[in-house]
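Report on one structure; see the data block that follows.
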Amino acid sequence: MPELPEVEVVRSGVEQHVIGRTVAAVEVLHPRAVRRHVPGAADFTGRLVGTKIMAVRRRGKYLWFDLSDGDAVLAHLGMSGQLLVQPPEVPDERHLRVRVRFADAGPELRFVDQRTFGGLSLAELVEVDGTVVPTTVAHIARDPMDPLFDVAATARRLRSRRTEVKRALLDQTLVSGIGNIYADEALWRVKLHGTRPADRLTAAQARGVLTAAAEVMADALRAGGTSFDALYVNVNGESGYFSRSLDAYGREGEPCRRCGAPLVRESFMNRSSFSCPSCQPKPRALRR
DNA sequence: AGGGCAACCTGGGGGC
DNA sequence: TGCCCCCAGGTTGCCC
């Protein structure tokens with residue numbers, strides 16, 4: 001499942017293949033892929049044709065293409081989305097949703113998505129806090145790898161949340177790019193249980209978990225992006241499988257790499273959380 | 001206002 | 001073998 005590192009791998013991979021190229025034709029093969037583009041598929045296609053791709057940018061898990069007309073194509077991979085650069089003669093992928101052909105007749109850009117949680121849309125650009133982003137991304141916070149990410153300020157906001165720390169880490173309006181996998185990894189690194197109340201963390205703990213998230217992401221990025229879902233494939237069609245195994249996520253029953261205790265899996269928001277029962281003790285019941 | 005949570009999807013896997 | 005149910009999970013939108 002693509003989180004920030006996977007999306008960055010896709011961004012940097014796609015960038016080399018599409019910048020400076022003019023869109024000649026767009027084919028929407030599944031309407032759900034452009035459902036976020038409210039004016040509809042025909043509008044999406046019509047406005048995209050003839051524009052040139054100027055840049056490929058990212059914030060958190062969102063990716064967008066700056067266009068020569070001043071707008072942008074926003075892409076979100078959802079849980080199974082892929083952006084592939086493929087020669088036109090390559091047969092369509094089973095779950096191909098959108099195809100972008102270029103005027104130079106070179107490789108196409110293809111959006112492939114089995115579970116259809118992802119999608120593309122067109123948006124105007126707007127400046128938010130000194131950075132230009134698509135209007136539909138204006139509410140998304142800077143991610144931990146953003147050069148302008150403010151650890152101290154985000155830690156203060158984190159400590160003001162009356163919720164559990166893992167919930168807060170997954171809130172893209174507080175800090176973006178962190179999904180279920182990297183949240184568990186960051187919490188493991190700083191020995192905090194995900195149900196710890198955010199407003200009971202010390203300033204050092206709050207800064208620590210955010211810094212840990214950035215470090216986990218940097219490690220994953222160096223390894224080419226984590227993914228153990230065969231659905232995730234990078235821009236060249238190669239699996240981004242992380243050769244270095246994770247410390248917490250998916251390791252139920254396996255020994256903690258710090259203390260050896262078997263990790264446990266707990267249900268959380270209809271999904272799974274993995275943690276070390278010894279290093280990351282659950283908070284005692286708290287009186288407020 | 002802000003937190004919590006159902007709904008949106010598909011395919012793989014387990015149980016029977 | 002086949003059917004059914006569960007599971008994975010990011011974001012939105014709605015409820016409280």
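We name chains A, B, ... by the order of the sequence lines, and we start the count at 1 in each one.
Nucleic acid contact for A:Arg94: sugar-phosphate only, since backbone atoms but no base atoms lie under 4.0 Å from a heavy atom of the residue. Counting any heavy atom pair closer than 4.0 Å across all strands shown, A:Arg157 reaches no nucleic acid atom. Within 4.0 Å of A:His139, counting heavy atoms only, lie sugar-phosphate atoms of the nucleic acid but no base atom.
Closest to the side chain of A:Arg115, out of B:dT10, C:dT12, C:dG10, is B:dT10. Listed nucleotides B:dG11, B:dC8, C:dT11 differ in distance to A:His76; the shortest reach to its side chain belongs to C:dT11. Taking the side chain of A:Gln114 as heavy atoms from C-beta on, and the options B:dG11, C:dA8, C:dG10, the nearest nucleotide is B:dG11.
Checking side-chain atoms of A:Asp71 against main-chain N and O of A:Leu122 turns up no donor-acceptor pair under 3.5 Å. A:Arg251 contributes a side-chain N or O that, together with a main-chain N or O of A:Pro255, makes up a donor-acceptor pair within less than 3.5 Å. In terms of modelled atom types and a separation under 3.5 Å, the side chain of A:Ser121 and the main chain of A:His37 share no donor-acceptor contact. Judged by distance alone, with hydrogens and angles left aside, the side-chain atoms of A:Arg57 form no donor-acceptor pair with the main-chain N or O of A:Asp66 at under 3.5 Å.
Contact annotation: the side chain of A:Val18 approaches that of A:Phe102 to within less than 4.5 Å [non-hydrogen atoms, C-beta and beyond].
Remark on DNA chain B: of its neighbouring residues A:Asp171 and A:Arg271, the 5'-side contact belongs to A:Asp171, judged by nearest-heavy-atom nucleotide.
For the pair A:Asn180 CG and C:dG10 P, the computed distance is 6 Å after rounding to whole Å. B:dA1 atom C1' lies 11 Å from atom CZ of A:Arg161, rounded to whole Å. For the pair A:Leu158 CG and B:dG3 C1', the interatomic distance rounds to 15 Å; values are reported in whole Å. A:Glu164 has its CD atom 19 Å from the P atom of B:dG2, to the nearest Å. When the P atom of C:dG13 is taken as reference, atom CZ of A:Arg35 falls 10 Å away, rounded to whole Å. When rounded to the nearest whole Å, the span between CG of A:Asp143 and C1' of C:dG10 equals 16 Å. Rounding to whole angstrom units, CZ of residue A:Arg167 and P of B:dG2 are separated by 17 Å. Atom-to-atom, CD of A:Glu252 to C1' of C:dA8 comes out at 14 Å; the value is rounded to the nearest Å.
Between A:Thr163 and B:dG2, a side-chain N or O to OP1/OP2 separation shorter than 4.0 Å is absent. A sub-4.0 Å separation between OP1 or OP2 of C:dC7 and a side-chain N or O of A:Ser272 is absent. Contact annotation: A:Arg162 does not reach the phosphate of B:dG4 (side-chain N/O to OP1 or OP2, under 4.0 Å).
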Report task. Could you check A:Asp184 against A:Lys166 for salt bridge (Lys or Arg N to Asp or Glu O under 4.0 Å), going step by step and ending with a plain yes or no? Result -> CA-CA 8 Å; A:Asp184 279 3; A:Lys166 183 169 175 181; 2.6 Å; yes
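Across the strands present, C:dT1 finds no partner; the criterion is a Watson-Crick or G-U wobble pair with both atom distances under 3.5 angstrom.
Remark: A:Lys61, A:Tyr62 in residues 57-67 of chain A come within less than 4.0 Å of DNA chain C through at least one heavy atom.
Figure legend: A:Arg257 and A:Trp188 shown without cation-pi pairing, the cationic atom not lying both under 6.0 angstrom from the six-membered ring centre and within 45 degrees of its axis.
Partner of A:His95 under the side-chain contact (heavy atoms from CB on, under 4.5 Å) criterion, chosen from A:Gln114, A:Gln82, A:His30: A:Gln114.
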